[in-house]
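One structure is given here, and the rest of the page talks about it.
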Protein chains: 2
Amino acid sequence: MKTVYERADIVPLLAEIFRELGYEGTTLSRITERTGIGKGSLYHFFPGGKEEMAAAVLADVDVWFERAVYEPLRRDDAAAAIDAMWANVMDYFRSGRRICLVGAFALDETRERFSPAIRDYFVRWIEALRRALVRAGCGEAAALAAAEEAVSGIQGALVLSRALDDTDMFRRTLDRLAGRLAAAQPGR
Amino acid sequence: MKTVYERADIVPLLAEIFRELGYEGTTLSRITERTGIGKGSLYHFFPGGKEEMAAAVLADVDVWFERAVYEPLRRDDAAAAIDAMWANVMDYFRSGRRICLVGAFALDETRERFSPAIRDYFVRWIEALRRALVRAGCGEAAALAAAEEAVSGIQGALVLSRALDDTDMFRRTLDRLAGRLAAAQPGR
DNA sequence: TCTGCATTGTACTGATCGGTACAATTCGCA
DNA sequence: TGCGAATTGTACCGATCAGTACAATGCAGA
């Protein structure tokens with residue numbers, strides 16, 4: 001028996017494993033164990049090994065956020081895009097049961113391997129949100145502060161809701177953050 | 001030549017290593033490499049190996065927060081203790097250059113090993129802060145929300161300031177969080 | 001100074017790590 | 001159907017992993 005994969009099918013599987021085990025905790029044998037994909041396939045699609053796998057996952061995450069969050073924030077009606085952002089974030093992180101891989105990589109020495117990608121992810125999120133807030137009538141300084149607060153607040157909610165194993169606290173915190181962002185937009 | 005250590009001297013060294021490398025990324029050889037402490041000593045003081053070392057570090061962290069933060073929040077004048085908390089947190093996390101080990105452990109599967117300690121750390125922090133806010137005249141529901149927001153916000157600031165490699169953003173965020181907490185206390 | 005115990009350096013174990021090599025298999029296309 | 005390229009399973013590599021064993025060393029109290 002021989003199962004045939006495509007690279008695009010493997011990346012999301014790798015993403016979940018890196019999320020749960022972290023970069024150092026993810027080993028090739030545990031990947032095989034959880035997915036059934038052998039070393040032959042893994043090194044065929046990712047000749048650079050574990051580092052290339054993690055890079056591919058980060059790129060995939062980036063594509064998703066670009067399409068589902070950053071782009072709409074830049075393009076669509078500001079208030080609507082911001083509402084959609086909160087809904088998407090809530091779904092994407094599964095009410096706090098799923099963590100942010102980029103945030104997790106930022107915490108330990110894994111950051112050194114991927115620091116441009118990690119930085120970019122957050123810079124672009126904050127910048128897209130900031131500009132949406134400005135378009136919604138928010139002042140420049142207030143918009144930056146509100147955007148930073150929202151993005152930072154999401155990361156904190158992920159850490160805390162996981163530590164407390166409490167998805168309600170994730171929802172509560174996101175609701176509060178959404179309220180603050182709404183309050184920063186004049187006339188909402 | 002033979003250097004003699006005490007257990008109490010080793011724990012803080014281990015703490016920094018676990019912080020930087022994470023639980024899985026911390027290996028005995030890297031501990032020896034960074035501290036000069038050999039396996040003989042490590043297994044003499046921590047017969048349970050790496051897991052016992054990490055547990056000892058978590059216990060040490062807990063003691064520090066209990067003494068420097070939770071206790072004063074429960075005992076001292078509420079407003080003064082809260083001010084002291086912000087100053088202590090800023091110092092302890094070195095303006096965002098040092099991460100929260102407990103928060104980092106909460107993110108990946110390491111949580112499963114230490115979940116009671118991780119949960120306790122945050123539960124007690126939030127509860128001590130909540131009660132201080134109530135003593136300061138804050139309503140029950142508002143006090144809980146404000147306490148959660150502060151503790152969660154600190155974790156988010158650690159993630160984001162590290163991702164952006166920006167200590168100023170840590171300071172800015174903590175200032176904003178402190179301001180929100182002050183606003184939650186009537187007559188400040 | 002001597003003795004007994006705490007502490008440490010070193011050498012070792014079996015398991016697992018990331019990574020390589022390559023033959024066998026399967027697939028797309030003619 | 002048959003051929004060449006893409007894909008995969010398996011055996012293997014040296015390095016490193018956590019952990020063990022134990023003799024050598026240093027120290028505190030007699």
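These values consider heavy atoms only, across backbone and side chains, with no hydrogens, waters or symmetry-generated copies. Note that the coordinates shown come from a computational prediction; the quantities given were computed from them, not determined experimentally. Sequence lines set the chain letters: A, B, ... in the order given, protein chains first and strands last, and positions in each chain run from 1.
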Query raised in the report: Has B:His44 got a side-chain N or O lying under 4.0 Å from the OP1 or OP2 atom of C:dT8?
Result: no

Report task. For B:Phe45 and C:dC5, give me the distance from atom CZ to atom P, rounded to whole Å. Result -> 18 Å

Query raised in the report: Quick one: are B:Phe170 and B:Met90 in side-chain contact, heavy atoms under 4.5 Å?
Result: yes

Report summary line: B:Tyr5 OH to C:dT7 P, in whole Å, measures 14 Å

**Report entry** Nucleotide C:dC17, atom C1' - distance to CD of A:Glu51 in whole Å
**Finding:** 16 Å

Report task. Sugar-phosphate means primed atoms, P, OP1 and OP2; the rest is base. With that split, encode nucleotides 10-18 of chain D 5' to 3' as B, S or - using protein heavy atoms under 4.0 Å. Result -> B------SB

Requested in this report: Please identify each residue that fulfils side chain to side chain contact (heavy atoms under 4.5 Å, CB included) with A:Val134, with sequence neighbours left out.
Outcome: A:Arg130, A:Glu140, A:Ala143

**Report entry** Nearest-angstrom distance from the residue atom CD of A:Glu6 to C1' of D:dA5
**Finding:** 15 Å

Report summary line: Taken to the nearest whole Å, CZ/B:Arg7 to C1'/C:dA6 is 15 Å

Query - Whole-Å distance separating the CG atom of B:Leu42 from the P atom of D:dG19 - result: 11 Å

**Report entry** A:Ile37 CD1 to C:dG19 C1', straight-line distance once rounded to whole Å
**Finding:** 17 Å

Requested in this report: Determine which pairs satisfy ring pair (Phe, Tyr, Trp, His ring centres under 6.0 Å) with at least one residue from residues 87-115 of chain A, sequence neighbours left out, and list them in order.
Outcome: A:Tyr23-A:Phe114, A:Trp64-A:Tyr92, A:Phe65-A:Tyr92, A:Phe105-A:Phe114

**Report entry** All side chain to side chain contact (heavy atoms under 4.5 Å, CB included) counterparts of B:Ala178, not counting sequence neighbours
**Finding:** B:Trp86

Query raised in the report: Residues in side chain to side chain contact (heavy atoms under 4.5 Å, CB included) with A:Arg7, at least two apart?
Result: A:Phe45, A:Phe46, A:Glu52, A:Ala56

**Report entry** By side chain to side chain contact (heavy atoms under 4.5 Å, CB included) - contacts of A:Asp76 (at least two apart)
**Finding:** A:Pro72, A:Ala81

